[in-house]
Amino acid sequence: MQSLTPEMIDSIQEDDLNALSELDAAGIIARPGESFPEFKNRLCSHLMSFADFNRSIKETGEFGLFEDFTLYEKDRIGDEIIHEAAAVTEKLYHFSINWVPGFFLSKSVGLLWGGCAIHIPEEHLTVFLIRKNFADRKRWFIYRREELLAHELCHAARNPLKDFVFEEFFAYQTAPSRIRRYLGNCFRTQLDALLFVLPVMLLLAVQLVDTFTSFRMPVWIFWIIALACPAFMLIRNQFARNVFYKARKALRAIPGAIPEPILFRCTRQEIKAIAGKCGDAAGLMDYIQARTSSELRWKVISNRFILKGVI
């Protein structure tokens with residue numbers, strides 16, 4: 001977004017699919033149901049917010065993101081490191097982002113924390129953070145720097161879709177580890193992490209009470225609870241994966257379609273609808289044509305990822 005100006009945005013026309021496709025290739029995706037004027041207004045708001053952010057942090061050397069949370073210009077992630085992630089997201093989903101500010105976080109963080117993306121809707125601002133350890137090394141613990149960067153940039157690009165069902169699935173496909181690619185979507189929200197940890201902690205507490213006191217409880221019940229939560233997450237994750245791969249199979253029947261980038265730009269309802277058309281190429285074509293004729297986002301999807309003349 002750094003290369004855009006208000007004048008350039010104002011000059012873009014709704015039928016200029018090449019210009020809109022360039023924005024999409026930069027990770028700027030239209031919201032579901034968003035009209036062209038709404039898209040342009042939102043883009044202008046983002047541009048102004050990022051311009052104000054960059055001007056403020058360069059002038060003062062710092063920016064108060066929240067009340068007790070400050071970003072420092074000296075911790076900004078350089079372009080050469082951001083480019084590491086571009087190869088990953090470009091290969092997987094055909095976009096590369098250079099407009100989201102990234103920073104190394106020097107505060108004390110947990111052992112397993114690698115990074116996160118922060119979106120502030122009221123300020124039209126998105127930033128992402130990764131731990132300071134990656135400032136001078138490409139690998140730390142179980143993480144690779146380009147993997148974490150690509151992961152967070154996937155969140156930044158898909159943020160307009162407001163999709164928590166497949167959000168972590170797409171982001172974790174940047175991981176070189178097959179296990180992380182498979183298990184990543186088990187934890188979709190902070191509540192999922194609590195549901196995973198709290199039953200285990202409860203089981204531990206019950207075991208301690210049972211071992212060191214005369215009070216007796218049916219420990220087996222707490223074992224069931226502790227195992228039920230991970231089982232639920234695994235089953236839910238597998239159902240989501242089944243839907244995705246069925247949708248991918250459906251899209252492969254469309255001449256010239258590139259399934260992964262298409263599905264990356266879809267809502268969960270659209271992914272399920274596409275999966276429901278598996279084995280029905282004609283019905284899927286009708287669905288895509290209907291979406292393309294009625295929605296800006298799908299006009300760009302069809303222009304970039306479906307063979308010209310098919311739609």
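Reckoned from all heavy atoms, side chains included, excluding hydrogens, waters and symmetry mates.
With no hydrogens or angles considered, no side-chain donor-acceptor pair links Q289 and T292 at under 3.5 Å. The closest side-chain donor-acceptor pair between S21 and N303 falls under 3.5 angstrom. Counting only N and O atoms by type, the side chains of R31 and N159 include no donor and acceptor under 3.5 Å apart.
The salt bridge (Lys or Arg N to Asp or Glu O under 4.0 Å) check on E152 picks up nothing, with sequence neighbours excluded. Under the rule for a salt bridge (Lys or Arg N to Asp or Glu O under 4.0 Å), the partners of R248 that lie at least two apart in sequence or sit in another chain are E260. Partners of F39 under the ring pair (Phe, Tyr, Trp, His ring centres under 6.0 Å) rule, at least two apart in sequence or in another chain, do not exist in this structure. Considering only residues two or more places apart in sequence or on other chains, Y182 meets the side chain to side chain donor-acceptor pair (under 3.5 Å) condition with Q238.
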Next on the checklist: Before you tell me yes or no, could you show the steps for E270 and R297 under salt bridge (Lys or Arg N to Asp or Glu O under 4.0 Å), namely the whole-Å CA-CA distance, both residues' side-chain angles and the distance that decides it to 0.1 Å?
Outcome noted: CA-CA 12 Å; E270 290 166 342; R297 177 169 46 92; 2.8 Å; yes

Item to check | Test log, rule salt bridge (Lys or Arg N to Asp or Glu O under 4.0 Å), inputs E34 and R42 | outcome: CA-CA 10 Å; E34 189 172 44; R42 180 167 63 88; 2.8 Å; yes

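Just one residue in the list F103, Y72, F53, F50 forms a ring pair (Phe, Tyr, Trp, His ring centres under 6.0 Å) with F63, and that residue is F53.
For residues 254-291, every residue pair satisfying the ring pair (Phe, Tyr, Trp, His ring centres under 6.0 Å) rule, not counting sequence neighbours, is listed here: Y93-F264, F95-F264, F170-F264.
Ring geometry, Y245 versus F169: the interplanar angle exceeds 60°, so the pair is classed perpendicular (tilted spans 30 to 60°).
Judged by distance alone, the side chain of S293 and the main-chain N or O of A290 form a donor-acceptor pair under 3.5 Å.
Contact detail for G27 and I97: the closest heavy-atom pair is CA-CG1, 3.9 Å. Here the shortest heavy-atom pairing between R181 and P176 reads NH1-O, 3.1 Å.
Ion pairing between D75 and K132 holds under the 4.0 Å rule for side-chain N and carboxylate O.
Using a 4.5 Å cut-off between side-chain heavy atoms of Ile, Leu, Val, Met, Phe, Trp and Tyr, I235 falls into a hydrophobic cluster with F239.
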